[in-house]
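As structure tokens, the structure follows; a few thoughts come after it.
In each ligand, atom 1 is the first atom listed, and ligand 1 is the first ligand listed. Numbers here simply count residues along the sequence, with the first being 1.
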Amino acid sequence: MEALDYHAEERRKAEFNLDEMKIVWAGSRRNYELSDRVARLVASDPVFRKDNRTMLTRKDLFKDTLRKAAHAWKRIIDLRLSEEEANMLRSYVDQPAFTDLHWGMFIPAIKGQGTSEQHEKWLPMAYKMQIIGCYAQTELGHGSNVQGLETTATFDPQTDEFDLHSPTLTSSKWWPGGLGKVSTHAVVYARLITGGQDHGVHGFIVQLRGLDDHLPLPGITVGDIGMKFGSGAYNSMDNGLLRFDHVRIPRNQMLMRVSQVTREGKFVQSDVPRQLVYGTMVYVRQTIVSDASCALARAVCIATRYSAVRRQFGSQNGGPEIQVIDYKTQQSRLFPLLASAYAFRFVGEWLKWLYTDVTQRLQANDFSTLPEAHACTAGLKSMTTSVTADAIEECRKLCGGHGYLSNSGLPELFAVYIPTCTYEGDNVVLLLQVARFLMKTVSQLGSGKKPVGTTAYMGRAEHLMQCRCEVEMAQDWLKPSTILEAFEARAVRMSIACAKSLGKFSNPEDGFAELSPDLVEVAIAHCQLIVVSKFLEKLQQDIPGKGVKRQLEILCNVYALHLLHKHLGDFVATGCITPNQGALANEQLRLLYAQVRPNAIALVDAFNYTDHYLGSILGCYDGNVYQKLYQEAWKDPLNDTVVPDGYLEYLRPILKQHIRTARL
Ligand SMILES: CCCCCCCCCCCCCCCCCCCCCCCCCCCC(=O)SCCNC(=O)CCNC(=O)[C@H](O)C(C)(C)COP(=O)(O)OP(=O)(O)OC[C@H]1O[C@@H](n2cnc3c(N)ncnc32)[C@H](O)[C@@H]1OP(=O)(O)O
Ligand SMILES: Cc1cc2nc3c(=O)[nH]c(=O)nc-3n(C[C@H](O)[C@H](O)[C@H](O)COP(=O)(O)OP(=O)(O)OC[C@H]3O[C@@H](n4cnc5c(N)ncnc54)[C@H](O)[C@@H]3O)c2cc1C
């Protein structure tokens with residue numbers, strides 16, 4: 001018997017070739033096939049079950065994570081998965097674990113900041129997971145201000161060793177994932193002291209636990225920092241604390257690509273910029289942008305499928321009520337998020353390219369594009385994670401009451417996702433980095449230095465400062481050059497206005513601090529421009545498949561025009577558009593929503609998420625929501641017994657007392 005598909009009618013409405021759209025989403029046919037295979041492999045493996053995760057105690061959840069990681073590692077080896085496939089497996093297993101930090105930060109830190117001798121010594125052991133490492137930078141007292149870290153690494157020329165020490169309570173390492181209970185090693189960031197002089201923060205490879213007994217080595221205090229927000233969620237991770245009491249490590253365990261300490265204790269700064277010490281963070285920020293589209297797509301998939309099943313009001317002559325997806329308010333909240341998922345996907349692809357490019361240049365000692373790579377990764381990490389975190393919560397609300405149920409998948413997704421707004425750089429702190437970069441670019445405009453890359457538009461500042469938007473009818477907003485110019489003009493005008501205001505301060509740092517809320521807005525405008533322009537560039541490519549390009553054009557317009565509508569104040573105040581043109585943009589947006597509507601279910605099907613990965617009854621592929629919700633309710637441990645535990649001790653006495661009182 002064919003399985004029931006409550007979305008069958010919706011799927012028939014689609015006006016594009018779904019298989020081709022799946023390939024666009026995956027990036028290539030090859031990626032699609034690999035990803036599909038790995039997703040199914042994970043979904044069909046009982047060890048990777050996650051439907052009971054929010055019910056587990058912290059200890060059981062942690063053990064479950066160790067079990068999954070060990071099983072994943074075995075599968076990776078047995079099936080000889082490539083690094084790319086292993087990474088896909090990691091995301092489909094969908095459980096934060098120490099392995100993320102080992103592969104995502106410990107290894108990249110050694111690769112990026114270590115010398116070739118250090119690579120030869122440490123990487124083979126790390127690749128085989130004979131040692132497991134974490135990234136120990138943040139301390140109890142400082143996270144954002146890396147230069148404010150207090151842990152010291154003092155060189156002792158007598159023994160050719162560094163003495164690692166935590167001089168204060170606030171110097172205790174605090175937060176590193178994988179540190180609490182698992183890591184045998186860490187890349188520890190500490191102030192380098194030689195000959196009594198402080199040379200700032202550098203990375204050191206430090207062994208923390210014995211490789212035979214897993215016990216902390218002498219002088220090391222280490223443990224988990226405790227429960228975090230939400231049930232399940234990030235509690236599978238052992239974020240840890242760490243203190244050093246004069247722990248000795250050999251000199252050759254300082255990561256020495258950026259600076260070196262000689263046998264005599266002389267500090268040598270190479271030609272490599274000191275910012276390379278921050279290189280691992282740049283790498284991870286780039287991966288976080290790619291991951292943002294996945295988390296956003298997941299929430300949107302759940303909310304879209306459920307909105308097509310859910311009906312409220314409007315029954316005519318006893319017919320069915322209206323699907324909530326047909327309410328214009330639902331569409332105006334949901335479809336921009338759907339469009340954002342696609343937009344973030346494409347900007348993520350582009351950022352990956354930019355990162356690969358900068359890495360190749362760094363290997364050849366070309367550091368020219370590092371500031372741009374830093375600004376783009378910092379800004380896009382900040383923007384995409386803030387939007388995604390808010391969007392997950394919006395999707396929960398879009399699902400009404402049932403969205404609040406744990407088995408909708410949305411509460412856990414929210415809880416596990418929100419720390420991305422903080423880790424790898426607080427989102428506001430990162431936007432201020434972008435703003436610094438933009439203000440520097442503006443200040444150099446008259447100097448003959450031509451802005452390049454994502455700031456190339458500033459080279460056309462003269463035109464963009466005085467251009468007038470030519471929109472006269474709603475449909476004029478569909479012209480890519482009109483949209484692009486409006487976003488460029490807004491970004492450049494906001495930047496130049498801020499630069500002018502900064503110029504009024506005698507001390508630029510005072511000005512920067514005073515104007516920081518405005519500078520954050522400037523950085524956001526610039527990042528939104530990047531996303532819009534990369535979406536438009538994507539549309540320049542040859543995109544095969546019936547109706548696929550057309551759908552992407554619609555989504556691109558939705559993305560751009562919803563931003564224009566949301567930030568209308570910026571666009572109008574900077575004189576880029578008139579209030580009437582803003583109203584026309586809104587009119588066009590409504591027309592676009594009507595075009596998205598018949599394709600909505602197929603557009604989320606294109607993400608190709610398995611029910612296992614989605615982890616949501618509301619978002620399940622077949623849309624059989626009510627039956628599944630009903631069945632699931634009975635599986636709750638509270639329903640194991642008809643009369644709850646505690647009835648005799650606590651409920652019955654009250655009920656009985658009530659009867660006595662009533663009789664009085
Ligand atoms: C159960 C599961 C089983 C599964 C098993 C599977 C197993 C096998 C898998 C195998 C798979 C293999 C594949 C790979 C896996 C990949 C996985 C990836 C996942 C990763 C997940 C990671 C989770 C992350 C957790 C979070 C970790 C952290 O949070 S780490 C700590 C992060 N901390 C921060 O971000 C701190 C933020 N602060 C700063 O960055 C800086 O302090 C500052 C930039 C804010 C300020 O710095 P400073 O004071 O020095 O500078 P300032 O004066 O402002 O600037 C000086 C100039 O320097 C420039 N600058 C600053 N930063 C940078 C930079 N990064 N790069 C370049 N330039 C920089 C700045 O612009 C200034 O420039 P000028 O103005 O020109 O002088
Ligand atoms: C789940 C999780 C996992 C983590 N994993 C790791 C890890 O593996 N390794 C590691 O080393 N660290 C890790 N961290 C730490 C993380 O990187 C830091 O928490 C993060 O960088 C933010 O720093 P902070 O906590 O010092 O925030 P703070 O800087 O104290 O932020 C507090 C507030 O102050 C504001 N603020 C701070 N500075 C400025 C400024 N200059 N201008 C304006 N506003 C400012 C911020 O916007 C924020 O609102 C993790 C954190 C979390 C939550």
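- In summary, the aromatic rings of His102 and Tyr135 are positioned with their centroids too far apart to meet the 6.0 Å limit.
- Across Arg90, Lys440, His71, heavy-atom proximity to atom 17 (C) of ligand 1 is greatest for Arg90.
- Under a 4.0 Å heavy-atom criterion, Arg285 is in contact with ligand 1.
- If you check the side chains of His71 and Asp45, you find a donor sitting under 3.5 Å from an acceptor.
- Here's the thing with Gly177: one of its N/O atoms is less than 3.5 angstrom from an N/O atom of ligand 2.
- Of all protein heavy atoms, the one lying nearest to atom 9 (N) of ligand 2 is Tyr135 O, 2.9 Å.
- Checking only distances, Gln275 does come within under 3.5 Å of ligand 1, N or O to N or O.
- No hydrogens or angles considered: nothing links the side chains of Thr152 and Arg191 as a donor-acceptor pair under 3.5 Å.
- Heavy-atom distances between Phe437 and ligand 1 stay at or above 4.0 Å for every pair.
- For Phe244 and His165, the gap between ring centers reaches or exceeds 6.0 Å.
- Looking only at protein heavy atoms, the nearest one to atom 67 (C) of ligand 1 is His374 CB, 3.5 Å.
- Contact of the Met254 side chain with the Gln113 side chain is not registered, since no non-hydrogen atoms from C-beta on lie closer than 4.5 Å.
- Remark: Arg436 is positioned above the aromatic ring of Phe512, its terminal NZ or CZ atom under 6.0 angstrom from the ring centre and at most 45 degrees off the axis.
- Listed by number with element, the atoms of ligand 2 under 4.0 Å from a non-hydrogen atom of Thr422 are 19 (O), 20 (C), 21 (O), 22 (C).
- Looking at Lys173 against ligand 2, nothing comes within 4.0 Å, counting heavy atoms.
- With a 4.0 Å heavy-atom cut-off, ligand 2 is reached by the backbone of Thr138 and by its side chain too.
- For Gly177, the heavy-atom gap to ligand 1 stays at 4.0 angstrom or more.
- Each of the atoms 34 (C), 35 (O), 37 (C) of ligand 1 lies under 4.0 Å from some heavy atom of Gly425.
- One side chain, Glu372 or Thr454, offers a donor N or O that lies under 3.5 Å from an acceptor on the other.
- Counting only N and O atoms by type, the side chains of His202 and Ser259 include a donor and acceptor under 3.5 Å apart.
- In this structure, atom 74 (P) of ligand 1 has a protein heavy-atom contact shorter than 4.0 Å.
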Task: Audit row: Phe229, Tyr234, ring pair (Phe, Tyr, Trp, His ring centres under 6.0 Å) steps and yes/no - done: CA-CA 8 Å; Phe229 186 100; Tyr234 218 82; over 10 Å; no
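- For the pair Arg345 and Trp25, the cation-pi test (distance below 6.0 Å, angle within 45°) is passed.
- The atoms of ligand 1 that sit less than 4.0 Å from any heavy atom of Gly143 are 36 (C).
- At a 4.0 Å cut-off, at least one heavy atom of Met105 sits close enough to ligand 1 to count as contact.
- Close to ligand 1: Tyr283, with a non-hydrogen atom less than 4.0 angstrom away.
- The side chain of Asn239, and not its backbone, has at least one atom closer than 4.0 Å to an atom of ligand 2 (non-hydrogen atoms only; side chain from C-beta on).
- If you check which protein heavy atom lies closest to atom 3 (C) of ligand 1, you get Ala69 CA, 3.8 Å.
- Atom 51 (O) of ligand 1 has as its closest protein heavy atom Arg274 NH2, 4.1 Å.
- With ligand atoms numbered from 1 in the order given, ligand 2 contributes 17 (O) to contacts under 4.0 Å with heavy atoms of Glu424.
- Neither the backbone nor the side chain of Asn145 has a heavy atom within less than 4.0 Å of ligand 2.
- Protein heavy atoms all stay at least 4.0 Å away from atom 32 (C) of ligand 2.
- Side chains of Ser35 and Tyr92: a donor on one and an acceptor on the other come within 3.5 Å.
- The option from Ile107, Val42, Ile76, Asp100 that lies nearest to atom 6 (C) of ligand 1, judged by heavy atoms, is Ile76.
- Near Gln137, with a cut-off below 4.0 Å to any heavy atom, the atoms of ligand 2 are 11 (O).
- Within ligand 1, the atoms closer than 4.0 Å to a non-hydrogen atom of Ala97 are 1 (C), 2 (C), numbered from 1 in the order shown.
- Residues Leu81 and Arg75 form no side-chain contact, since every pair of their non-hydrogen atoms from C-beta on lies 4.5 Å or further apart.
- Near Val429, meaning under 4.0 Å from any of its heavy atoms, are these atoms of ligand 2: 36 (N), 37 (C), 38 (N), 39 (C), 45 (C).
- Of the N and O atoms on the side chains of Asn427 and Thr385, at least one donor lies less than 3.5 Å from an acceptor on the other residue.
- Closer than 4.0 Å to atom 7 (C) of ligand 2 lies at least one heavy atom of the protein.
- Counting only N and O atoms by type, the side chains of Glu139 and Ser172 include no donor and acceptor under 3.5 Å apart.
- Between Trp103 and Tyr127 the shortest side-chain heavy-atom distance falls below 4.5 Å.
- If you check the side chains of Asn239 and Asp224, you find no donor sitting under 3.5 Å from an acceptor.
- For Gln147, every heavy-atom contact with ligand 1 shorter than 4.0 Å involves the side chain, none the backbone.
- If you check which protein heavy atom lies closest to atom 15 (C) of ligand 1, you get Asn87 OD1, 3.5 Å.
- The proximity of Pro419 to ligand 2, defined as any non-hydrogen pair under 4.0 Å, is limited to the side chain.
- Within the 4.0 Å heavy-atom shell around ligand 2 one does not find Ser516.
- When each atom of ligand 2 is checked for a heavy atom of Val428 under 4.0 Å away, the hits are 47 (O).
- Ring to ring, Tyr278 and His374 are not that close: their centroids are 6.0 angstrom or more apart.
- Using a 3.5 Å distance cut-off with no hydrogens or angles, the side chains of His526 and Ser495 do not pair a donor with an acceptor.
- Here Leu432 has side-chain heavy atoms under 4.0 Å from ligand 2, and that is the only part of it that gets that close.
- Judged by the shortest distance from any of its heavy atoms, Leu89 lies outside the 4.0 Å radius around the atoms of ligand 1.
- Counting atoms of ligand 2 from 1 in the listed order, those under 4.0 Å from a heavy atom of Tyr234 are 1 (C).
- For an aromatic pair to be called close, the ring centres must be under 6.0 Å apart, and Phe162 with Phe204 satisfies this.
- For ligand 1, the polar-atom distance check against Tyr278 finds a nitrogen or oxygen pair separated by under 3.5 Å.
- With no hydrogens or angles considered, a side-chain donor-acceptor pair links Glu85 and Ser82 at under 3.5 Å.
- In this model, no donor atom of one side chain and acceptor atom of the other lie less than 3.5 Å apart for Gln95 and Ser236.
- In this structure, atom 25 (O) of ligand 2 has its sub-4.0 angstrom surroundings free of protein heavy atoms.
- Nearest protein heavy-atom neighbour of atom 14 (N) of ligand 2: Trp175 CB, 3.5 Å.
- Ligand 1 is approached by Ser144 to a heavy-atom distance shorter than 4.0 Å.
- In the model, Glu150 has a side-chain atom that pairs as donor or acceptor with a side-chain atom of Thr170 under 3.5 Å.
- Within a 4.0 Å radius of atom 41 (N) of ligand 2, the protein has no heavy atom.
- When the heavy-atom distances from atom 34 (C) of ligand 1 to Gln433, Lys381, Met281, Met88 are ranked, the shortest goes to Met281.
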